[in-house]
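Okay, structure first, notes after.
First listed ligand is number 1; within each ligand, the first listed atom is number 1.
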Amino acid sequence: MKVLAAASEIFPLVKTGGLADVTGALPAALAKQGVELLTIVPGYPPVMAALEGAAELHAYADLFGGKARLLRGRAKGLEIIAIDAPHLYDRPGNPYLGPDGKDWPDNARRFAALARAAADVATAKLGGAGADILHCHDWQAALAPVYVKFSGGPQKVKTLMTVHNIAFQGQFPASVFGSLGLPAQAFAIDGVEYYGNVCFLKGGLATADRISTVSPSYAQEICTPEYGMGLDGLLRARRDVLSGIVNGIDDEVWNPADDALIAQTYTAKTLPKRLANKRAVEQRFNLEPGEGLLHGVVSRLTWQKGMDIFAASIDRLVAGGARLALIGTGEAGIEEAILAAAERHKGRIGVMLGYDEALSHLVQAGCDTILVPSRFEPCGLTQLYGLRYGSIPIVARTGGLNDTVIDANDAALQAEVATGFQFAPVDQPTLEHTLQRAAECFADQTLWRGMQKRGMASDVSWTRSASTYAQLYRNLLKA
Ligand code: ADP
Ligand code: GLC
């Protein structure tokens, strides 16, 4: 079975969040299921720089405003097709934002090009064998099923649209429609039209053969007005083809027993060695050393992640005797609130504003907890890294957080199955109460150790979910 995945990020080439972790890990995980997966990605500078042994599959005289080539090759261990289109992708920095922090003004064309190229390759329009399945990730690839559907005539390829976050939809004014190269009838209820605008994700959800999202809870949630962000009606109508498959982690990249990015490697059996990482975190974050509870955060600092509420809870966290190491970047107001808290509590609150892959590993390896107080969370990966590294997740009861962490309530503690703490609703009193619960558990080190070991022993790898994806692909082929 040949699968072409289309995505705007892939670890370790380009990453702004969990999407990259997932698209980067799936090829190897699916290979073990007998699935051959090739990923088509925009030719951003780091992609082009890493590309080796590239063969030209096709040359476009004009792909959304300039010449482009599709280059098939390997990059940092991944099999990819890079879209070499300098007029669209040869720009420094973040894949979506210009240096002013705003979306690139031509994002509609930049990601329509990704989808167009993906559809052309998958339908064998450019020659070659095409693909059996075209697997599209998020709004940036969501026009691909639309191109397939409106390409004229029946197509062999089946399409799967995976939603990693329904908050990001790729909405543009109707005026962009003319530049997309779609027939007029695609600007309609069963195409890309959305309240008079163009919505890429809506187009993908309306036209894909199957829809998936990244946890079973989120699959339910996005069918409700509260979480569906306007697309819940369409999703309810397509419920029969919607499913939720929880993400796994790349357990080679994230392995505490063999991680060059942490101060001291360890396993569940050699857990006391983990303390060396706590010392290293204290040093890196200018924290007073100590044996007390040390919370960790690795997150986008956004409303989605509940980081405004968390910032407001920091004084209580400190009053309860705990410390915090936080690495993140995001909304200016939240960054300011967190910096101000760090200023108020020098030595107790350590903050690094920015993005640092290595430091994110150290936080997971050295902190006692990992905090994820999200208002909504399609899956979440940091709590999975926490489970693997023995930093106990404290999470909101929503989406994939709900599906991957077992709350330390009395029943779960008695049955010895708890792996973390869940809370709802996401508000300051409930978060503060949960921080208190965690502090009480931490005081009982035998209990805490037990939870750490259970988390570390739980299977957060891709094995199960990769087989679910493979099954879904097979069902699609039969459909
Ligand atoms: P999302 O994709 O919504 O941001 P996930 O939990 O799925 O949330 O994935 C976030 C990914 O980004 C994880 O791999 C996490 O370690 C990483 N990450 C987030 N913020 C930072 C940061 N400031 N520095 C390094 N890695 C980060
Ligand atoms: C999105 C979601 C996150 C999920 C990730 C990978 O960024 O916000 O919850 O883990 O995609 O699927």
Side-chain angles (χ1 to χ4, degrees), residues 5 7-12 14-26 94-96 135-141 161-169 201 212-219 221-222 227 229 244-250 253-254 259 261-262 284-285 296-307 325-331 334-335 338 351-365 367 370-389 391 393 395-396 398-405 460 462 465 469:
S8 63
E9 300 184 20
I10 187 164
F11 183 84
V14 211
K15 167 168 167 178
T16 73
L19 169 64
D21 290 351
V22 172
T23 57
L26 271 178
N94 184 290
Y96 316 117
H135 186 168
C136 307
H137 295 275
D138 269 356
W139 75 265
Q140 296 90 349
M161 180 74 235
T162 295
V163 180
H164 294 263
N165 191 337
I166 206 148
F168 301 105
Q169 302 184 351
L201 184 60
S212 74
T213 185
V214 287
S215 69
S217 285
Y218 196 60
E221 289 169 356
I222 55 179
Y227 291 94
M229 308 249 172
I245 305 174
V246 80
N247 290 330
I249 72 170
D250 187 322
V253 176
W254 292 92
D259 185 336
L261 303 175
I262 64 180
R284 289 293 300 273
F285 286 84
V297 170
V298 179
S299 182
R300 293 189 282 121
L301 302 179
T302 62
W303 184 88
Q304 175 197 338
K305 301 287 178 182
M307 282 293 138
L326 175 148
I327 169 157
T329 167
E331 292 164 16
I334 299 179
E335 290 191 351
I338 286 173
V351 172
M352 297 277 192
L353 290 185
Y355 195 94
D356 186 331
E357 195 71 30
L359 203 51
S360 74
H361 283 239
L362 185 63
V363 167
Q364 296 282 8
C367 290
I370 189 85
L371 282 156
V372 198
S374 309
R375 285 189 172 85
F376 67 94
E377 194 61 72
C379 181
L381 292 169
T382 51
Q383 83 282 10
L384 302 180
Y385 301 141
L387 289 170
R388 186 109 207 269
Y389 277 66
S391 51
V395 304
T398 186
L401 301 173
N402 187 32
D403 295 340
T404 54
V405 174
V460 290
W462 268 109
S465 292
Y469 272 112

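Set against the non-hydrogen atoms of Gln304, the atoms of ligand 2 under 4.0 Å away are 8 (O). Atoms of ligand 2 lying under 4.0 Å from any heavy atom of Asn165, numbered from 1 in the order shown and given with element: 8 (O). Near Val214, with a cut-off below 4.0 Å to any heavy atom, the atoms of ligand 2 are 12 (O).
Contact annotation: the side chain of Trp254 never approaches that of Val460 to less than 4.5 Å [non-hydrogen atoms, C-beta and beyond]. When side chains are defined from C-beta on, Ile249 counts as touching Tyr385, because their heavy atoms get closer than 4.5 Å. Residues Tyr469 and Ile245 are in side-chain contact: their nearest non-hydrogen atoms beyond the backbone lie under 4.5 Å apart. Here the side chains of Tyr355 and Lys15 are in contact, with some heavy-atom distance below 4.5 Å. Counting only heavy atoms from C-beta outward, the side chains of Asn247 and Ser465 never approach each other to under 4.5 Å.
Separating the CD1 atom in Ile166 from the CE atom in Met229 is a distance of 8.0 Å, to the nearest 0.5 Å. Here Tyr218 contributes atom OH and Tyr227 contributes atom OH; the two are 9.5 Å apart, rounded to the nearest 0.5 Å. Between Met307 atom CE and Leu371 atom CG the span is 7.0 Å, to the nearest 0.5 Å.
His164 O, 3.1 Å is the protein heavy atom nearest to atom 2 (C) of ligand 2. Nearest protein heavy-atom contact of atom 3 (C) of ligand 2 is Glu377 OE2, 3.3 Å.
For Cys379, a nitrogen or oxygen atom sits less than 3.5 Å from a nitrogen or oxygen atom of ligand 2, counting backbone and side chain alike.
At a 4.0 Å heavy-atom cut-off, ligand 2 touches Asn247 through the side chain alone. The part of Val22 lying near ligand 2 is the side chain, judged by heavy-atom distances below 4.0 Å.
No side-chain N or O of Thr398 forms a donor-acceptor pair with one of Glu377 less than 3.5 Å apart.
Residue Gly380 holds the heavy atom nearest to atom 4 (C) of ligand 2 of all those in Ala167, Gly380, Ser374.
Under 4.0 Å from any atom of ligand 1, one finds heavy atoms of residues Lys15, Gly17, Gly18, Asp21, Val298, Ser299, Arg300, Lys305, Ile327, Gly328, Gly354, Tyr355, Asp356, Glu357, Ser360, Glu377, Gly380, Leu381, Thr382, Tyr385.
Between Glu331 and Arg300, none of the side-chain N atoms (NZ, or NE/NH1/NH2) sits under 4.0 Å from a carboxylate O, so this pair counts as no salt bridge.
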